[in-house]
Participant: 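Questions regarding the structure given below will be posed in turn.
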Amino acid sequence: VEQLTKCEFARLYQSTLRPLWTYIYRATGNAADADDIAQEAFCRVLRADVAGLPDQDLRRYLFGVASHLIADRWRKHKREHFWRLFRQPENSVEPASSNDVILTFGALKPRDRALLWLAYVEQNTHEEIAARLHVKPGSVKVLLARARQRLRALLTGEEA
Amino acid sequence: MNIRDDEELVRGFMQRLANTATPSPRVLPADVLWLKAVLERRLDVERRVTMPLDIMEPVQIAMALAAVVFLLVWARGLIG
(Lines give C-alpha, C1' and ligand atoms only; values in the text may rest on other atoms or scores of the structure.)
Protein backbone atom coordinates (compact mmCIF):
# COMPACT_ATOMS: atom_id res chain seq x y z
CA VAL A 1 0.00 0.00 0.00
CA GLU A 2 1.48 3.32 -1.08
CA GLN A 3 0.27 5.94 1.34
CA LEU A 4 1.75 9.32 2.21
CA THR A 5 4.39 9.46 4.92
CA LYS A 6 3.77 11.67 7.94
CA CYS A 7 6.25 14.20 6.61
CA GLU A 8 4.73 14.31 3.11
CA PHE A 9 1.27 14.72 4.60
CA ALA A 10 2.39 17.56 6.89
CA ARG A 11 3.80 19.37 3.86
CA LEU A 12 0.60 18.87 1.84
CA TYR A 13 -1.52 20.00 4.80
CA GLN A 14 0.60 23.08 5.35
CA SER A 15 0.50 24.18 1.72
CA THR A 16 -3.13 23.40 0.91
CA LEU A 17 -5.22 23.87 4.06
CA ARG A 18 -5.98 27.55 3.55
CA PRO A 19 -6.77 27.50 -0.22
CA LEU A 20 -8.75 24.28 0.14
CA TRP A 21 -10.73 25.55 3.11
CA THR A 22 -11.44 28.90 1.42
CA TYR A 23 -12.68 27.13 -1.71
CA ILE A 24 -15.03 24.93 0.33
CA TYR A 25 -16.16 27.87 2.45
CA ARG A 26 -16.96 30.00 -0.59
CA ALA A 27 -18.77 27.10 -2.28
CA THR A 28 -20.87 26.12 0.75
CA GLY A 29 -21.05 29.49 2.51
CA ASN A 30 -20.72 27.74 5.85
CA ALA A 31 -17.58 27.60 8.01
CA ALA A 32 -18.61 24.48 9.96
CA ASP A 33 -19.27 22.61 6.71
CA ALA A 34 -15.93 23.81 5.37
CA ASP A 35 -14.18 22.46 8.49
CA ASP A 36 -15.89 19.06 8.21
CA ILE A 37 -15.32 18.70 4.47
CA ALA A 38 -11.67 19.81 4.58
CA GLN A 39 -10.98 17.39 7.40
CA GLU A 40 -12.66 14.50 5.62
CA ALA A 41 -10.83 15.31 2.39
CA PHE A 42 -7.46 15.15 4.18
CA CYS A 43 -8.44 11.87 5.85
CA ARG A 44 -9.41 10.37 2.48
CA VAL A 45 -6.09 11.43 0.99
CA LEU A 46 -4.35 9.66 3.87
CA ARG A 47 -6.27 6.46 3.13
CA ALA A 48 -5.60 6.61 -0.63
CA ASP A 49 -2.65 5.16 -2.53
CA VAL A 50 -1.19 8.47 -3.58
CA ALA A 51 2.42 8.27 -2.41
CA GLY A 52 4.90 9.43 -4.99
CA LEU A 53 2.47 11.71 -6.80
CA PRO A 54 3.84 15.17 -7.63
CA ASP A 55 2.59 18.04 -5.41
CA GLN A 56 0.40 19.43 -8.17
CA ASP A 57 -1.35 16.06 -8.65
CA LEU A 58 -1.82 15.64 -4.88
CA ARG A 59 -3.39 19.08 -4.72
CA ARG A 60 -5.63 18.21 -7.67
CA TYR A 61 -6.65 14.96 -5.99
CA LEU A 62 -7.42 16.76 -2.72
CA PHE A 63 -9.57 19.40 -4.42
CA GLY A 64 -11.34 16.62 -6.36
CA VAL A 65 -12.19 14.78 -3.16
CA ALA A 66 -13.38 18.03 -1.56
CA SER A 67 -15.57 18.86 -4.59
CA HIS A 68 -17.08 15.40 -4.39
CA LEU A 69 -17.84 15.88 -0.69
CA ILE A 70 -19.35 19.33 -1.38
CA ALA A 71 -21.63 17.80 -4.03
CA ASP A 72 -22.65 15.05 -1.58
CA ARG A 73 -23.52 17.68 0.98
CA TRP A 74 -25.59 19.69 -1.53
CA ARG A 75 -27.54 16.57 -2.37
CA LYS A 76 -28.10 15.79 1.30
CA HIS A 77 -29.21 19.33 2.08
CA LYS A 78 -31.47 19.32 -0.97
CA ARG A 79 -33.07 16.08 0.20
CA GLU A 80 -33.58 17.47 3.66
CA HIS A 81 -34.87 20.82 2.35
CA PHE A 82 -32.10 22.64 4.15
CA TRP A 83 -30.91 24.38 1.01
CA ARG A 84 -31.39 27.73 2.70
CA LEU A 85 -28.28 27.00 4.76
CA PHE A 86 -26.28 27.50 1.61
CA ARG A 87 -28.05 30.66 0.54
CA GLN A 88 -26.75 33.04 3.16
CA PRO A 89 -23.05 32.80 3.83
CA GLU A 90 -21.83 33.63 7.32
CA ASN A 91 -20.20 37.02 7.50
CA SER A 92 -19.66 37.65 11.17
CA VAL A 93 -15.90 38.01 10.95
CA GLU A 94 -15.84 39.71 7.60
CA PRO A 95 -15.71 43.51 7.32
CA ALA A 96 -18.94 45.33 6.40
CA SER A 97 -17.41 46.65 3.16
CA SER A 98 -17.11 43.11 1.81
CA ASN A 99 -20.69 42.15 2.70
CA ASP A 100 -22.08 43.08 -0.73
CA VAL A 101 -19.53 40.90 -2.49
CA ILE A 102 -20.21 37.97 -0.17
CA LEU A 103 -23.99 38.29 -0.31
CA THR A 104 -23.95 38.58 -4.09
CA PHE A 105 -21.80 35.46 -4.39
CA GLY A 106 -24.00 33.69 -1.84
CA ALA A 107 -27.06 34.34 -4.01
CA LEU A 108 -25.62 32.10 -6.73
CA LYS A 109 -26.28 28.38 -6.87
CA PRO A 110 -23.61 26.29 -5.09
CA ARG A 111 -22.37 24.76 -8.35
CA ASP A 112 -22.01 28.19 -9.96
CA ARG A 113 -20.00 29.30 -6.95
CA ALA A 114 -17.67 26.31 -7.19
CA LEU A 115 -17.26 26.76 -10.96
CA LEU A 116 -16.43 30.45 -10.71
CA TRP A 117 -14.08 29.94 -7.78
CA LEU A 118 -12.14 27.17 -9.50
CA ALA A 119 -11.96 29.08 -12.78
CA TYR A 120 -11.10 32.57 -11.53
CA VAL A 121 -9.41 32.11 -8.15
CA GLU A 122 -7.80 28.67 -8.45
CA GLN A 123 -7.14 29.35 -12.16
CA ASN A 124 -8.08 25.79 -13.12
CA THR A 125 -8.35 24.69 -16.74
CA HIS A 126 -11.68 23.39 -18.05
CA GLU A 127 -10.36 19.82 -17.85
CA GLU A 128 -9.38 20.27 -14.22
CA ILE A 129 -12.76 21.79 -13.36
CA ALA A 130 -14.50 18.90 -15.11
CA ALA A 131 -12.49 16.38 -13.08
CA ARG A 132 -13.10 18.18 -9.82
CA LEU A 133 -16.82 18.73 -10.26
CA HIS A 134 -17.49 15.41 -12.00
CA VAL A 135 -18.98 16.94 -15.12
CA LYS A 136 -18.14 16.33 -18.78
CA PRO A 137 -15.17 18.42 -19.97
CA GLY A 138 -17.28 19.69 -22.87
CA SER A 139 -19.96 21.01 -20.52
CA VAL A 140 -17.63 23.19 -18.44
CA LYS A 141 -17.51 25.99 -21.01
CA VAL A 142 -21.31 26.16 -21.17
CA LEU A 143 -21.79 25.84 -17.41
CA LEU A 144 -19.18 28.52 -16.79
CA ALA A 145 -20.78 30.87 -19.32
CA ARG A 146 -24.15 30.42 -17.61
CA ALA A 147 -22.63 30.99 -14.15
CA ARG A 148 -20.95 34.15 -15.46
CA GLN A 149 -24.23 35.31 -16.94
CA ARG A 150 -26.05 34.77 -13.63
CA LEU A 151 -23.36 36.62 -11.71
CA ARG A 152 -23.45 39.50 -14.20
CA ALA A 153 -27.24 39.66 -13.82
CA LEU A 154 -26.85 39.91 -10.05
CA LEU A 155 -24.18 42.59 -10.38
CA THR A 156 -25.99 44.74 -12.95
CA GLY A 157 -29.58 44.00 -11.98
CA GLU A 158 -30.33 42.80 -15.52
CA GLU A 159 -32.19 39.59 -16.37
CA ALA A 160 -29.90 36.54 -16.83
CA MET B 1 -22.47 44.70 -22.60
CA ASN B 2 -20.17 42.51 -24.72
CA ILE B 3 -18.46 39.25 -23.75
CA ARG B 4 -15.17 40.96 -22.93
CA ASP B 5 -16.84 43.44 -20.57
CA ASP B 6 -18.69 40.52 -18.98
CA GLU B 7 -15.43 38.66 -18.48
CA GLU B 8 -13.77 41.69 -16.91
CA LEU B 9 -16.73 42.37 -14.64
CA VAL B 10 -16.73 38.77 -13.39
CA ARG B 11 -12.94 38.65 -13.08
CA GLY B 12 -12.91 41.87 -11.07
CA PHE B 13 -15.70 40.65 -8.82
CA MET B 14 -13.96 37.29 -8.19
CA GLN B 15 -10.73 39.12 -7.41
CA ARG B 16 -12.54 41.24 -4.81
CA LEU B 17 -14.15 38.14 -3.38
CA ALA B 18 -10.80 36.31 -3.17
CA ASN B 19 -9.35 39.28 -1.31
CA THR B 20 -12.08 39.43 1.34
CA ALA B 21 -11.21 38.04 4.74
CA THR B 22 -12.59 34.66 5.76
CA PRO B 23 -12.87 33.07 9.21
CA SER B 24 -10.01 30.86 10.32
CA PRO B 25 -10.36 27.15 9.60
CA ARG B 26 -11.00 25.01 12.65
CA VAL B 27 -9.59 21.82 11.24
CA LEU B 28 -7.67 19.29 13.35
CA PRO B 29 -3.88 19.68 13.11
CA ALA B 30 -1.94 17.53 10.62
CA ASP B 31 -0.48 15.17 13.25
CA VAL B 32 -3.93 14.51 14.76
CA LEU B 33 -5.38 13.77 11.32
CA TRP B 34 -2.44 11.47 10.69
CA LEU B 35 -3.15 9.58 13.93
CA LYS B 36 -6.85 9.42 13.05
CA ALA B 37 -5.99 7.92 9.66
CA VAL B 38 -3.65 5.35 11.28
CA LEU B 39 -6.45 4.30 13.66
CA GLU B 40 -8.97 4.12 10.82
CA ARG B 41 -6.58 1.96 8.80
CA ARG B 42 -6.17 -0.39 11.79
CA LEU B 43 -9.95 -0.56 12.23
CA ASP B 44 -10.30 -1.38 8.52
CA VAL B 45 -7.82 -4.26 8.86
CA GLU B 46 -9.61 -5.49 12.00
CA ARG B 47 -12.97 -5.28 10.25
CA ARG B 48 -11.59 -7.26 7.29
CA VAL B 49 -10.32 -9.97 9.63
CA THR B 50 -13.50 -10.30 11.69
CA MET B 51 -15.92 -9.97 8.76
CA PRO B 52 -16.01 -13.73 7.92
CA LEU B 53 -16.72 -14.50 11.58
CA ASP B 54 -19.51 -11.91 11.71
CA ILE B 55 -21.06 -13.38 8.56
CA MET B 56 -20.74 -17.00 9.68
CA GLU B 57 -22.17 -16.50 13.17
CA PRO B 58 -25.83 -16.12 12.14
CA VAL B 59 -25.36 -18.94 9.58
CA GLN B 60 -24.12 -21.25 12.37
CA ILE B 61 -27.05 -20.31 14.61
CA ALA B 62 -29.52 -20.96 11.79
CA MET B 63 -27.92 -24.35 11.06
CA ALA B 64 -28.00 -25.32 14.75
CA LEU B 65 -31.69 -24.38 15.01
CA ALA B 66 -32.48 -26.36 11.84
CA ALA B 67 -30.63 -29.37 13.31
CA VAL B 68 -32.61 -29.12 16.57
CA VAL B 69 -35.92 -28.97 14.67
CA PHE B 70 -34.85 -31.93 12.52
CA LEU B 71 -33.87 -33.99 15.62
CA LEU B 72 -37.16 -33.15 17.36
CA VAL B 73 -39.20 -34.23 14.33
CA TRP B 74 -37.09 -37.37 13.97
CA ALA B 75 -37.37 -38.22 17.72
CA ARG B 76 -41.13 -37.67 17.58
CA GLY B 77 -41.30 -40.15 14.69
CA LEU B 78 -39.41 -42.74 16.72
CA ILE B 79 -41.65 -42.32 19.80
CA GLY B 80 -44.89 -42.07 17.86
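Lettering of chains follows the sequences in order, A, B, ..., and the numbering in each one begins at 1. Only this structure's heavy atoms are used, side chains among them; waters, hydrogens and symmetry mates stay out.
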Participant: With a 4.5 angstrom heavy-atom cut-off, is it the side chain or the backbone of A:Leu17 that approaches chain B, or both, or neither?
Facilitator: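 Side chain only.
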Participant: Can you name the closest pair of heavy atoms from A:Val101 and B:Phe13 and give their distance?
Facilitator: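 Distance-wise, the nearest heavy atoms are O-CZ, 3.3 Å.
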Participant: Rounded at 0.5 Å granularity, tell me how far CD1 in A:Ile102 sits from OG1 in B:Thr20.
Facilitator: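 Here the interatomic distance stands at 4.5 Å.
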Participant: Would a 4.5 Å heavy-atom cut-off, applied to side chains only, mark B:Gln15 and A:Val121 as touching?
Facilitator: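 SC-SC contact between B:Gln15 and A:Val121 ruled out.
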Participant: Please report the shortest heavy-atom distance between A:Gln39 and B:Val27, naming the atom on each side.
Facilitator: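 Looking at all heavy atoms of both residues, the closest pair is OE1-CA, 3.5 Å.
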Participant: Could you check B:Leu28 against A:Phe42 for side chain to side chain contact (heavy atoms under 4.5 Å, CB included), going step by step and ending with a plain yes or no?
Facilitator: CA-CA 10 Å; B:Leu28 291 172; A:Phe42 279 119; over 6 Å; no
Participant: I'd like to know if B:Val32 and A:Leu20 are part of one continuous hydrophobic network [Ile/Leu/Val/Met/Phe/Trp/Tyr, side-chain heavy atoms within less than 4.5 Å].
Facilitator: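 Cluster IDs for A:Leu20 and B:Val32 match.
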Participant: Heavy atoms only: give me the nearest B:Ala30-A:Ala10 pair and the separation to one decimal.
Facilitator: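 Closest pair (atom of B:Ala30, atom of A:Ala10, distance): CB-CA, 4.3 Å.
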Participant: Establish whether A:Tyr13 and B:Val38 are linked, either directly or via other cluster members, by ILVMFWY side-chain heavy-atom contacts under 4.5 Å.
Facilitator: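 Yes; tracing contacts between hydrophobic side chains, which count when under 4.5 Å, links both residues.
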Participant: Using non-hydrogen atoms only, which part of A:Leu155 is less than 4.5 Å away from chain B: side chain, backbone, both, or neither?
Facilitator: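 Only the side chain of A:Leu155 comes within 4.5 Å of chain B.
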Participant: Can you confirm whether A:Arg111 is buried at CZ, in the sense that more than 12 heavy atoms of other residues, nucleotides or ligands lie under 6.0 Å from that atom?
Facilitator: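 Not buried by this count: 12 neighbours or fewer within 6.0 Å.
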Participant: Provide the closest heavy-atom pair for A:Thr22 versus B:Thr22 in the form atom of the first, atom of the second, distance.
Facilitator: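 In this case the closest contact between A:Thr22 and B:Thr22 is CG2-CG2, 4.1 Å.
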Participant: Taking atom CG of A:Leu116 and atom CZ of B:Arg11, what is their separation to the nearest 0.5 Å?
Facilitator: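 Reported value, rounded in 0.5 Å steps: 11.0 Å.
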Participant: With a 4.5 Å heavy-atom cut-off, do B:Leu33 and A:Phe9 have their side chains touching?
Facilitator: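 Yes, their side chains come closer than 4.5 Å.
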Participant: Go through the atoms of B:Glu40 and report whether side chain, backbone, both or neither lie under 4.5 Å from a heavy atom of chain A.
Facilitator: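 Contact with chain A is through the side chain of B:Glu40 alone.
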Participant: Taking atom CD of A:Gln123 as the centre, does the number of heavy atoms from other residues, nucleotides or ligands within less than 6.0 Å exceed 12?
Facilitator: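 Buried by this count: over 12 neighbours within 6.0 Å.
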Participant: Is a side-chain donor or acceptor of A:Asp35 paired with a backbone partner of B:Pro25 at a separation under 3.5 angstrom?
Facilitator: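 No, the answer is negative, given that no donor and acceptor are paired below the 3.5 Å cut-off.
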Participant: Top residue by heavy-atom pair count (under 4.5 Å) with chain B, among A:Arg18, A:Arg44, A:Gln14?
Facilitator: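 The answer is A:Arg18.
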Participant: Show your reasoning for whether side chain to side chain contact (heavy atoms under 4.5 Å, CB included) applies to A:Phe105 and B:Arg16.
Facilitator: CA-CA 11 Å; A:Phe105 197 62; B:Arg16 267 166 57 214; over 6 Å; no
Participant: Rounded to the nearest 0.5 Å, what separates atom OG1 in A:Thr5 from atom CH2 in B:Trp34?
Facilitator: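 The OG1 atom of A:Thr5 sits 6.0 Å away from the CH2 atom of B:Trp34.
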Participant: Let me confirm one number: the CZ-CE distance from A:Arg26 to B:Met14, rounded to the nearest 0.5 Å.
Facilitator: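 The distance works out to 9.0 Å.
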Participant: Got a donor-acceptor contact below 3.5 angstrom from the B:Arg41 side chain to the A:Leu46 backbone?
Facilitator: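 At least one qualifying donor-acceptor pair exists.
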Participant: On a heavy-atom basis, which atom in B:Arg26 and which in A:Trp21 lie closest, and how many Å separate them?
Facilitator: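 Residues B:Arg26 and A:Trp21, closest heavy atoms: N-NE1, 4.5 Å.
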Participant: What's the separation between atom CG in B:Leu17 and atom OG1 in A:Thr104, rounded to the nearest 0.5 Å?
Facilitator: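 That separation rounds to 9.5 Å.
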Participant: Do B:Leu71 and B:Leu78 land in one hydrophobic cluster if side-chain heavy atoms of ILVMFWY residues count as linked below 4.5 Å?
Facilitator: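 In one cluster: yes.
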